[in-house]
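Each residue takes its place number in the sequence, starting with 1. Just the heavy atoms: all of them, side chains too, but no hydrogens, waters or symmetry mates, feed the values below.
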Amino acid sequence: MQFNPGFRLSKLDISVITVSFVLASFLYQYSRMLCFITLFVVAHFFLFCNLARMSRIPELIWAGVFIVCASTSLKFGVLSVEISVGISLFTTALLIALEVQKPSYHGVYWQKLNPNLEKWFENNCHAR
């Protein structure tokens, strides 16, 4: 493994974002809500994968919370869309707050939030 913390953006990321914007503009003609959901999920993909560089388990937790909230709003009408978005954003903030406290945090501002990352990386990520 190579030590490469901080913001990252690959060609695949750019492709996913571009396709998502094209899809969202197509969906906007039919449903503003589907357009919003698409952009909301893509924004979280970018935040989790490129800025916070979150591990997979928190990403999956967020996805589960979002799916439950979106389903209860759109399919069953139990929650309002605003409450579902609020719960999802609260979950986002909570997961990021937990992630930046990990000794392995390697997203943006890692130098300030996790100044011991290089040492952690040396001890945990080099081939033995």
Side-chain angles (χ1 to χ4, degrees):
M1 290 181 79
Q2 184 179 9
F3 185 72
N4 190 17
F7 176 78
R8 77 167 180 194
L9 187 64
S10 70
K11 290 178 183 177
L12 178 61
D13 296 329
I14 293 169
S15 299
V16 168
I17 292 167
T18 302
V19 168
S20 299
F21 275 106
V22 170
L23 175 63
S25 66
F26 175 76
L27 289 173
Y28 186 81
Q29 301 172 45
Y30 299 99
S31 170
R32 290 182 180 171
M33 185 56 61
L34 287 177
C35 175
F36 170 78
I37 289 171
T38 301
L39 294 175
F40 189 71
V41 170
V42 170
H44 279 81
F45 161 79
F46 184 77
L47 173 65
F48 292 160
C49 297
N50 300 82
L51 296 172
R53 311 257 322 252
M54 219 175 247
S55 58
R56 297 296 171 250
I57 298 298
E59 289 177 357
L60 293 172
I61 290 169
W62 183 87
V65 169
F66 177 77
I67 289 168
V68 168
C69 287
S71 297
T72 58
S73 291
L74 300 174
K75 178 73 175 164
F76 305 111
V78 174
L79 294 176
S80 70
V81 173
E82 293 82 4
I83 291 174
S84 290
V85 168
I87 291 169
S88 295
L89 290 173
F90 175 79
T91 304
T92 300
L94 178 63
L95 291 171
I96 289 175
L98 293 171
E99 189 73 19
V100 300
Q101 293 178 22
K102 291 180 180 177
S104 61
Y105 177 72
H106 60 285
V108 294
Y109 301 119
W110 69 271
Q111 298 96 330
K112 289 192 184 269
L113 297 169
N114 190 10
N116 297 320
L117 177 62
E118 290 182 76
K119 187 71 171 164
W120 180 89
F121 185 84
E122 285 177 20
N123 294 332
N124 294 281
C125 294
H126 282 129
R128 297 178 201 258

Do other residues, nucleotides or ligands put more than 12 heavy atoms under 6.0 Å from Phe3 CZ? yes
Do side-chain atoms of Asn124 reach the backbone of Trp120 as a donor and acceptor pair under 3.5 angstrom? yes
Please tell me if the side chains of Phe66 and Thr91 come closer than 4.5 Å, counting only heavy atoms from C-beta onward. no
Under 3.5 Å, is there a donor-acceptor pair between the side chain of Arg53 and the main chain of Gly6? yes
For residues Leu79 and Leu34: do they belong to one hydrophobic cluster (side chain heavy atoms under 4.5 Å, members Ile, Leu, Val, Met, Phe, Trp, Tyr)? no
Test item: Ser73 side-chain N/O and Ala70 main-chain N/O as donor-acceptor pair under 3.5 Å: no
Nearest 0.5 Å, please: how far is CD1 in Ile87 from OG1 in Thr72? 7.0 Å
List the residues meeting side-chain contact (heavy atoms from CB on, under 4.5 Å) with His44, not counting sequence neighbours, and say none if there are none. Phe40, Phe48, Trp62, Leu89, Thr92
So do the side chains of Val42 and Val16 get within less than 4.5 Å of each other, counting heavy atoms only? no
Hydrophobic cluster identity match, Val68 and Ile57, side-chain contacts under 4.5 Å: no
Transitively linked via ILVMFWY side-chain contacts under 4.5 Å: Phe7 with Leu117? yes
Look up atom CG in Leu51 and atom OH in Tyr109, then write down how far apart they are to the nearest 0.5 Å. 9.5 Å
Indicate if Ile14 and Ile17 have the same hydrophobic cluster label, given that clusters are the connected sets of ILVMFWY residues with side-chain heavy-atom separations under 4.5 angstrom. yes
Between Val85 and Ser88, is any pair of side-chain heavy atoms under 4.5 Å apart? no
Heavy-atom check, side chain of Leu74 versus side chain of Val81, under 4.5 Å: yes
Check ring pair (Phe, Tyr, Trp, His ring centres under 6.0 Å) between Phe76 and all other residues, then give those that pass, not counting sequence neighbours. none
Looking at Phe45, I'd like to know if its CZ atom is crowded, meaning that more than 12 non-hydrogen atoms belonging to other residues, nucleotides or ligands lie closer than 6.0 Å. yes
Please round to the nearest 0.5 Å and tell me the distance separating atom NE2 of His106 and atom OG of Ser55. 8.5 Å
Heavy atoms, side chains only, cut-off 4.5 Å: are Leu39 and Phe21 in contact? yes
